[in-house]
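Report on the following structure.
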Amino acid sequence: MADGTSVPVGAIASGAAERPRSSLKKFAQQRSTIAFFLCLPLILLVACFVIYPAFYAIYLSMLNKKMTQFVGLSNFAFLLRRHTFQLVIFQSCLFAITSVVFKALIGFILAHLMHNVPGKNQRIWRGLLLVPWVIPLALSTLTWWWMFDPSYSALNWVLERFGFAGVPWLGVGWIARFCTITVNVWYGTPFFMIMYLAALKSVPEQLYEAAAIDGAGPVQKLFFVTLPMMRNIVAITVLFSLIVTFADFDIVRILTSGGPEDMTHVFATYAFQVGIQSGDIPLGASDSLFMFPILAFAAFFVLRGVTRRSKEIAA
Amino acid sequence: MSATTFGAAENRAINRRHSLHRQRLWALYGSYTALGVFVVMFLVPPFYMLMTSLKSSAEISAQKGSPWIVHHPTLANFWYLITYPNFQNYYLNTVIVTILTVAVSMTIAVLAAFSMARMGFWGSQTLATGVFLTYLVPASLLFLPLFKVIGWIGLINSYWCLVLLYPTLAVPFCTWIMIGYFSSIPKELDEAALIDGAGYLQMLFRIFIPVAMPGIIAATIFAFTVSWGAFLYPLAYLYTSSQMVLTVGIVSDLIRGDVFEWGKIMAANVLASLPPILIYAFLMDYYVAGLTAGATKG
């Protein structure tokens, strides 16, 4: 009996609510359809030229040189046994880690110096310091090469003026490694500087005042106020720079093209030499795939930082 | 009595303020000095580039006096390059590729960012994160499989392949910048527009793009920088000088075997670096703001 009376009530209620709800639904549906189509170019671009080639690289790496036969993991095994490739792994890690450490340190010092300078002058100094980062890397590396040139070395001229012997900059393995790292630090430091400078500016002044009232000195302010406040941005900048530096191609390719005795090859330049110049695309692909575990490790941390950030924005 | 103590206290306060002032001044001078040293170190290569570009081949090979100073400045290198058909070609190709890349990248990025920041659909949040993650698959991992892909499309040794590939380098970050700027626009604005009967595209063009102009400038500069200076893709895919762009053209055409015409190479460097330097000189503030906006929020 209660059912009998309740049914028409429900029917009336649902009938009244149905029209607005369904049009709202249609509106939302239409909205998300348009939204999807606006994203479609992006999805297609990434799918065709990033995701597909990435998986295709995995497939390629398991073929023989003529790409006629499936050989499993033997390309990877072959590479790992080669002395040259062991050098490549070592140099890639040395290059990336040393460069990033120096870039982060010098960038941090520069950002602090810059923070001391009053606002109007800051623009000029920042502009001057950003120049290395503005010139296309391939071209400025060419200039560095010219400075390192053995017969006309401008750097050796300076050294000889001060009574030192000239240095064979790009002719000896470890010195050449040092040179590639120097160029990378020179190029990448300005990026760290502007990121850190922005982070420094976002630290509220009250925190420093409070620390000063509590009797904190400059060192304590640095370690207990500045660094904790900058932690996020430092982490993101370092991780990104690590990825970019790890995948770097231009500097080593132009400065040494891997020499002397393959001591400066990194993954990218070695993949280019094997894959394009010697025409062994599968071997080159398996070489460049060695970058992936390290990048995936970085990806994990970046992803964590990014999701935390988007949560903060949502909150 | 009271007058003297008051005077002493005041004196002490003045002294302290003075020394504080002096301390701060010294810190400022110290900062300027240190910055000056860094600026000199950072500007050595560009300076040397400019000096060499003004030297004649004879002066470079004579090796007399300081290599850091030009003794008989000449514009012969620049004149040679400006009238050199190959170099004109590289410049023109670079300009075409860059303009098209920027246009394509910005169209894709703005549409996608608007959709993800404001409209949303099932999975759009995941897509935003996924787009960001494409940076973890760098060009140096993709260029070999892409060699095959570009071969299938038939664009090996044609600069049109760069117009297809460069957007993959620029779009993720541009989208990321634009999402940040679009999300900062108050929701009331688009609600008002919707009530007034505006469609989504009208909303995008009449409200979002004008309001987010600083972000658009920042993203455009980023796309420009990427496509002007990229080196790996053109080096791997372009062989003839009619198709080459500046970075590859300078490296492979002006260096013939063992003959290094450094004066010409450096002059080419100067000419090729000018557009980015000019753009940064005028629009640096936008770019730095766009670059750091995303990071400081997190």
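By convention in this document, chain letters (A, B, ...) are assigned in the order of the sequence lines, proteins followed by strands, and residues within each chain are numbered from 1.
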Give, for atom OG1 of B:T225 and atom CD1 of A:I135, the distance between the pair rounded to the nearest 0.5 Å.
12.5 Å
Is it the backbone or the side chain of A:I43 that comes under 4.5 Å from a heavy atom of chain B, or both, or neither?
side chain
Counting only heavy atoms closer than 4.5 Å, note whether A:F55 contacts chain B via side chain, backbone, both or neither.
neither
Is B:S140 reaching over with its side chain to a backbone N or O of A:A268, donor-acceptor style, under 3.5 angstrom?
no
Looking at every heavy atom in both A:R31 and B:R118, which two are closest together, and how far apart are they?
NH2-O, 2.6 Å
What residue in A:D149, A:L42, A:L139 has the most heavy-atom pairs under 4.5 Å with chain B?
A:L139
Apply the test side-chain hydrogen bond (donor to acceptor under 3.5 Å, both in side chains) to residues B:T52 and A:W146: give CA-CA distance (whole Å), side-chain angles for both, the deciding distance (0.1 Å), then the verdict.
CA-CA 10 Å; B:T52 312; A:W146 171 220; 2.9 Å; yes
Applying side-chain contact (heavy atoms from CB on, under 4.5 Å) to B:L127 and A:C39, what does each step give before you reach the verdict?
CA-CA 9 Å; B:L127 185 67; A:C39 273; 3.9 Å; yes
Step by step, would you call B:W152 with A:Y56 a ring-ring contact (aromatic ring centres under 6.0 Å, His included)?
CA-CA 13 Å; B:W152 295 334; A:Y56 188 50; 5.3 Å; yes
For the CZ atom of B:F143 and the CD1 atom of A:I276, what is their distance to the nearest 0.5 Å?
5.5 Å
Quick check on the interface: out of A:L128, A:L60, A:V131, A:L142, who has the most heavy-atom pairs with chain B under 4.5 Å?
A:L142
Distance alone, cut at 3.5 Å: any donor-acceptor contact between the side chains of A:S32 and B:W122?
no
Minimum-distance pair of heavy atoms, taken over all atoms of B:L164 and A:L45
O-CD1, 4.0 Å
For B:T247 and A:A138, the nearest pair of non-hydrogen atoms, with its separation, is CG2-CB, 4.2 Å
Given that the side chain runs from C-beta out, which part of A:F249 has a heavy atom under 4.5 Å from chain B: side chain, backbone, both or neither?
side chain
Chain B: which of A:M114, A:M291, A:M147 shares the most heavy-atom pairs with it under 4.5 Å?
A:M147
Checking side chain to side chain contact (heavy atoms under 4.5 Å, CB included) against B:L35, which of A:L110, A:I109, A:N116 comes through?
A:L110
Hey, which of A:L129, A:L137, A:I194, A:T189 has the most heavy atom pairs under 4.5 Å with chain B?
A:L129
When the 4.5 angstrom heavy-atom criterion is applied to A:V46 and chain B, the contacting part is side chain
Is it the side chain or the backbone of A:L44 that comes within 4.5 Å of chain B heavy atoms, both, or neither?
neither
Determine, step by step, whether A:L38 and B:Y200 satisfy the side-chain contact (heavy atoms from CB on, under 4.5 Å) criterion, reporting the C-alpha distance in whole Å, the side-chain angles of both residues, the deciding distance to 0.1 Å, and the verdict.
CA-CA 10 Å; A:L38 290 181; B:Y200 288 111; 5.7 Å; no
Between B:V149 and A:F49, the two heavy atoms sitting closest are CG1-CE2, 4.4 Å
Using heavy-atom distances under 4.5 Å, tell me whether A:F191 contacts chain B through its side chain, its backbone, both, or neither.
side chain
Pick whichever of A:F272, A:F36, A:F290 has the most heavy-atom pairs under 4.5 Å with chain B.
A:F272
Would the distance check show the side chain of B:W68 and the main-chain N or O of A:A154 forming a donor-acceptor pair, the cut-off being under 3.5 Å?
yes
For the interface with chain B, which of A:Q277, A:R123, A:H115 has the highest count of heavy-atom pairs at distances below 4.5 Å?
A:R123
If you take the centroid of each ring, where Trp contributes its six-membered ring, are A:W157 and B:Y48 closer together than 6.0 Å?
no
side-chain contact (heavy atoms from CB on, under 4.5 Å) between B:F121 and A:T33, intermediate numbers included
CA-CA 7 Å; B:F121 53 92; A:T33 313; over 6 Å; no
If you count heavy atoms of other groups shown closer than 6.0 angstrom to OH of B:Y239, is the number above 12?
yes
Side chain, backbone, both or neither: which part of A:L130 has a non-hydrogen atom closer than 4.5 Å to chain B?
side chain
Identify which of B:S124, B:S31, B:P45, B:P67 forms the greatest number of heavy-atom pairs closer than 4.5 Å to chain A.
B:P45
Quick check: are there more than 12 heavy atoms from other residues, nucleotides or ligands sitting under 6.0 Å from OH of A:Y52?
yes
Least distance between heavy atoms, A:I281 atom then B:L144 atom
O-CD1, 4.1 Å
Of the backbone (N, CA, C, O) and the side chain (C-beta and beyond), which part of A:R253 lies under 4.5 Å from a heavy atom of chain B, both, or neither?
side chain
Can you name the nearest heavy-atom pair linking A:P132 to B:F42, along with the distance?
CG-CD2, 3.6 Å
